[in-house]
Amino acid sequence: MKIKRNDTVEVIAGKDKGKRGRVLRVIAEKQRVLVEHVMMVKKHVKPNPQRNIKGGIAEQELPIHISNVMLVDSEGNKTRIGSRIEGDKKVRVSKASGNTIADKKK
């Protein structure tokens, strides 16, 4: 998977086309990503006093297929991702600009 957690991506297909968000979770075995504020659905939640969960209607994100998102580089452009070996490390590279993509920490 070329897209990692905490990357900024833009949705390129589907009902949320054009939205940008941060990747919250990558589900590699299903080739899906969970993007912040994208593919929002309402879910009915039952109250559970033992876990301090109030009942009602909660909004949450659903996973979206990885082919429907594209990475946004540091310049704000959508780009595909390549890789290059620098020294003894393998780094991700933006195909649009040629710049390396820094790994973000939270």
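Nothing fancy with the numbering, it's 1 onward along the sequence.
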How long is the straight-line distance from [atom2] of [Y] back to [atom1] of [X], given to the nearest 0.5 Å?
{"X": "Asp16", "Y": "Glu10", "atom1": "CG", "atom2": "CD", "result": "11.5 Å"}
{"X": "Glu36", "Y": "Lys19", "atom1": "CD", "atom2": "NZ", "result": "12.0 Å"}
{"X": "Glu59", "Y": "Lys43", "atom1": "CD", "atom2": "NZ", "result": "13.5 Å"}
{"X": "Lys2", "Y": "Ser83", "atom1": "NZ", "atom2": "OG", "result": "6.5 Å"}

Are [X] and [Y] linked, directly or through other ILVMFWY residues, by side chains that come within less than 4.5 angstrom of each other?
{"X": "Val26", "Y": "Val11", "result": "yes"}
{"X": "Ile27", "Y": "Leu34", "result": "no"}
{"X": "Val69", "Y": "Leu71", "result": "yes"}

Do [X] and [Y] have side chains that approach each other closer than 4.5 Å (heavy atoms only, starting at C-beta)?
{"X": "Val91", "Y": "Ile101", "answer": "no"}
{"X": "Thr100", "Y": "Arg84", "answer": "yes"}
{"X": "Asn6", "Y": "Arg22", "answer": "yes"}
{"X": "Pro63", "Y": "Lys30", "answer": "no"}
{"X": "Arg25", "Y": "Arg32", "answer": "no"}

What residue among Asn68, Ile64, Leu24 forms side-chain contact (heavy atoms from CB on, under 4.5 Å) with Val33?
Ile64
Against Ile81, only a single residue in Val93, Asp7, Ile3, Asp73 fulfils side-chain contact (heavy atoms from CB on, under 4.5 Å); can you say which?
Ile3
Taking all heavy atoms of [X] and all of [Y], pick out the closest pair and write down the distance.
{"X": "Val23", "Y": "Lys4", "answer": "CB-O, 3.7 Å"}
{"X": "Ile66", "Y": "Met1", "answer": "CD1-CE, 3.2 Å"}
{"X": "Thr79", "Y": "Lys95", "answer": "OG1-N, 3.2 Å"}
{"X": "Ile12", "Y": "Met70", "answer": "CG2-CB, 3.9 Å"}
{"X": "Glu75", "Y": "Asn99", "answer": "OE2-ND2, 3.1 Å"}

Is it the case that more than 12 heavy atoms not belonging to Lys15 sit under 6.0 Å from its NZ atom?
yes
Tell me whether the count of non-hydrogen atoms from other residues, nucleotides or ligands lying under 6.0 Å of CD in Gln31 goes above 12.
no
Donor-acceptor pair, distance only, cut-off 3.5 Å: does the side chain of Arg20 make one with the backbone of Gly76?
yes
